Amino acid sequence: MPKTKPSAAKDFISGGVGGVCTVVAGHPLDTIKVRLQTMPVPKPGEAPLFKGTFDCAMKTVRKEGFFGLYKGMAAPITGVAPIFAICFLGFGIGKRLQQKHPDEELSYPQLFKAGMLAGVFTTVIMAPGERIKCLLQIQQEASVADRKYKGPVDCAKKIYREGGIRSVYRGTFATLLRDVPATGMYFTSYEWLQRVLTPAGGDRSDMSIGRTIVAGGVAGIFNWAVAIPPDVLKSRLQTAPHGAFPNGIRDVAKVILREEGIMSLYKGFTPIMLRAFPANAACFLGYEVTLKFLNYAVPSL
Ligand SMILES: CC(=O)O[C@H](CC(=O)[O-])C[N+](C)(C)C
């Protein structure tokens with residue numbers, strides 16, 4: 001008999017709590033990342049809008065106040081909780097599909113496959129959620145009245161009016177390209193570190209706060225090491241004016257490589273990596289604590 005009953009409902013709820021923790025811990029650096037990735041290319045002799053992560057943070061706080069860094073958070077908070085809920089649910093399903101019995105320890109390639117399935121599951125809401133989030137994050141007008149999009153619902157309505165459901169789902173393939181391998185990496189590295197850091201004779205399923213923070217933070221870094229280049233392409237595609245890239249991600253890749261070079265595929269590297277550790281340590285901690293609580297309070301769920 002397994003020590004606790006694995007369940008889709010527990011994975012879903014705990015994943016949702018993990019998602020909320022991720023956003024609260026990581027949104028300011030996510031805003032900086034999107035602004036660096038999408039700032040206009042400076043003309044010859046012109047200074048770039050932001051010189052780097054710190055400059056972008058300082059200019060944003062000076063111009064828009066501290067909460068400028070939290071711009072666009074309503075969309076991820078409402079979007080990310082279900083995304084992470086579905087992600088952890090998908091990972092649980094992916095694991096159970098490969099297990100012969102609930103106690104069977106999966107190999108790393110099997111964990112990777114379960115993670116990739118989770119990446120496919122999340123894209124249905126991740127793609128439109130990211131499109132809305134990126135469009136809101138790049139607005140730099142200080143007053144709401146001057147902004148094109150007043151909030152996530154207004155943004156969703158306007159992009160739908162502009163180009164229908166295709167516009168809302170612009171960047172779906174790019175999102176799959178980013179999240180399928182990255183999510184495989186995410187869960188495999190988390191599980192690997194949990195196993196490696198469990199002391200000899202200890203039990204991996206006994207939660208340890210320190211181990212979870214390290215494994216979760218490093219899993220976030222591994223996730224983004226794979227995800228950054230497709231993420232740059234995705235952000236550009238999702239924030240471009242209607243009709244700018246008729247062939248989608250292929251056109252974006254061609255233009256970026258021709259005009260800005262291969263290194264531009266790593267734009268936003270510093271804020272991404274600075275955010276990755278705390279945001280994902282918070283995520284897995286939120287997930288594990290909630291799961292432990294549910295196993296204690298409603299073991300039969
Ligand atoms: C792109 C993204 O949401 O990555 C998640 C980690 C993070 O830093 O937000 C991981 N995952 C795609 C598995 C949800």
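Just so it is clear, the values below take in all heavy atoms, side chains as well, and ignore hydrogens, waters and symmetry mates. These figures come from a predicted structure and were not determined experimentally.
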Heavy-atom closest pair, residues [X] and [Y]:
{"X": "Lys71", "Y": "Arg147", "value": "CE-NH2, 3.2 Å"}
{"X": "Leu294", "Y": "Ser14", "value": "CD1-OG, 3.7 Å"}
{"X": "Ser235", "Y": "Cys134", "value": "OG-SG, 4.1 Å"}
{"X": "Leu117", "Y": "Gly90", "value": "CD2-O, 3.9 Å"}
{"X": "Ser7", "Y": "Arg96", "value": "C-NH2, 3.9 Å"}
{"X": "Tyr266", "Y": "Val232", "value": "N-CG2, 4.5 Å"}

Let me check something: do [X] and [Y] share a hydrophobic cluster, defined by ILVMFWY side-chain heavy atoms less than 4.5 Å apart, either directly or through other members?
{"X": "Val23", "Y": "Ile86", "answer": "yes"}
{"X": "Leu257", "Y": "Ile249", "answer": "yes"}
{"X": "Val20", "Y": "Ile125", "answer": "yes"}
{"X": "Phe84", "Y": "Trp224", "answer": "yes"}
{"X": "Leu237", "Y": "Tyr160", "answer": "no"}

Step by step, work out the side-chain contact (heavy atoms from CB on, under 4.5 Å) result for Tyr190 and Thr212.
CA-CA 8 Å; Tyr190 177 72; Thr212 301; 3.7 Å; yes
Test item: [X] side-chain N/O and [Y] main-chain N/O as donor-acceptor pair under 3.5 Å:
{"X": "Arg131", "Y": "Ser167", "answer": "yes"}
{"X": "Lys150", "Y": "Ala145", "answer": "yes"}
{"X": "Glu46", "Y": "Lys43", "answer": "yes"}
{"X": "Lys10", "Y": "Pro299", "answer": "yes"}
{"X": "Gln238", "Y": "Arg170", "answer": "yes"}
{"X": "Thr188", "Y": "Met185", "answer": "no"}
{"X": "Lys59", "Y": "Leu49", "answer": "yes"}
{"X": "Glu104", "Y": "Lys100", "answer": "yes"}

Does [X] have more than 12 heavy atoms from other residues, nucleotides or ligands lying within 6.0 Å of its [atom1]?
{"X": "Ile262", "atom1": "CD1", "result": "no"}
{"X": "Phe222", "atom1": "CZ", "result": "no"}
{"X": "Phe173", "atom1": "CZ", "result": "no"}
{"X": "Phe245", "atom1": "CZ", "result": "yes"}

Going by heavy atoms in the side chains, are [X] and [Y] under 4.5 Å from each other?
{"X": "Val289", "Y": "Phe293", "answer": "no"}
{"X": "Arg195", "Y": "Tyr108", "answer": "yes"}
{"X": "Leu29", "Y": "Leu69", "answer": "no"}
{"X": "Val124", "Y": "Tyr169", "answer": "yes"}
{"X": "Cys87", "Y": "Thr183", "answer": "yes"}
{"X": "Glu191", "Y": "Phe112", "answer": "no"}
{"X": "Arg250", "Y": "Asn247", "answer": "yes"}
{"X": "Met126", "Y": "Arg178", "answer": "yes"}

So how far is it from [X] [atom1] to [Y] [atom2], rounded to the nearest 0.5 Å?
{"X": "Phe269", "Y": "Thr53", "atom1": "CZ", "atom2": "OG1", "answer": "10.5 Å"}
{"X": "Glu130", "Y": "Thr175", "atom1": "CD", "atom2": "OG1", "answer": "6.5 Å"}
{"X": "Cys56", "Y": "Leu36", "atom1": "SG", "atom2": "CG", "answer": "4.5 Å"}
{"X": "Asn295", "Y": "Glu288", "atom1": "CG", "atom2": "CD", "answer": "10.0 Å"}
{"X": "Ile209", "Y": "Met207", "atom1": "CD1", "atom2": "CE", "answer": "5.0 Å"}
{"X": "Ile221", "Y": "Leu274", "atom1": "CD1", "atom2": "CG", "answer": "9.0 Å"}

Report the residue from Thr38, Thr239, Asp30 that forms a side-chain hydrogen bond (donor to acceptor under 3.5 Å, both in side chains) with Gln137.
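Answer after filtering Thr38, Thr239, Asp30: Asp30.
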With sequence neighbours excluded, what pairs up with Asp154 under the salt bridge (charged side-chain N to carboxylate O under 4.0 Å, His left out) test?
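Only Lys158 meet the salt bridge (charged side-chain N to carboxylate O under 4.0 Å, His left out) criterion with Asp154.
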Residues which pass salt bridge (charged side-chain N to carboxylate O under 4.0 Å, His left out) with Lys113, listed by chain and number, not counting sequence neighbours:
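For Lys113, no residue satisfies salt bridge (charged side-chain N to carboxylate O under 4.0 Å, His left out) once neighbours in sequence are set aside.
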Classify the ring geometry of Phe66 against Tyr70: parallel below 30°, tilted from 30° to 60°, perpendicular beyond 60°.
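Aromatic pair Phe66/Tyr70 classed tilted.
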CA sep, side-chain torsions, deciding dist, call: Val34, Ile138, side-chain contact (heavy atoms from CB on, under 4.5 Å)
CA-CA 7 Å; Val34 172; Ile138 61 164; 3.6 Å; yes
Can Lys267 and Glu260 be counted as an ion pair, charged N to O under 4.0 angstrom?
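A salt bridge links Lys267 with Glu260.
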Taking atom types as modelled and ignoring hydrogens, do the side chains of Tyr186 and Asn280 form a donor-acceptor contact shorter than 3.5 angstrom?
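Yes - a donor-acceptor pair under 3.5 Å links their side chains.
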With Phe91, which residues qualify under ring-ring contact (aromatic ring centres under 6.0 Å, His included), at least two apart?
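Applying ring-ring contact (aromatic ring centres under 6.0 Å, His included) to Phe91 gives Phe187.
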Would you check, one step at a time, whether the test side-chain contact (heavy atoms from CB on, under 4.5 Å) holds for Leu135 with Ile159?
CA-CA 10 Å; Leu135 285 170; Ile159 54 176; 3.7 Å; yes
Apply the test side-chain contact (heavy atoms from CB on, under 4.5 Å) to residues Lys95 and Leu111: give CA-CA distance (whole Å), side-chain angles for both, the deciding distance (0.1 Å), then the verdict.
CA-CA 7 Å; Lys95 279 196 298 186; Leu111 289 167; 4.1 Å; yes
So among Phe12, Tyr287, Phe121, which one has a side chain to side chain contact (heavy atoms under 4.5 Å, CB included) with Phe88?
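Exactly one pass, corresponding to Tyr287.
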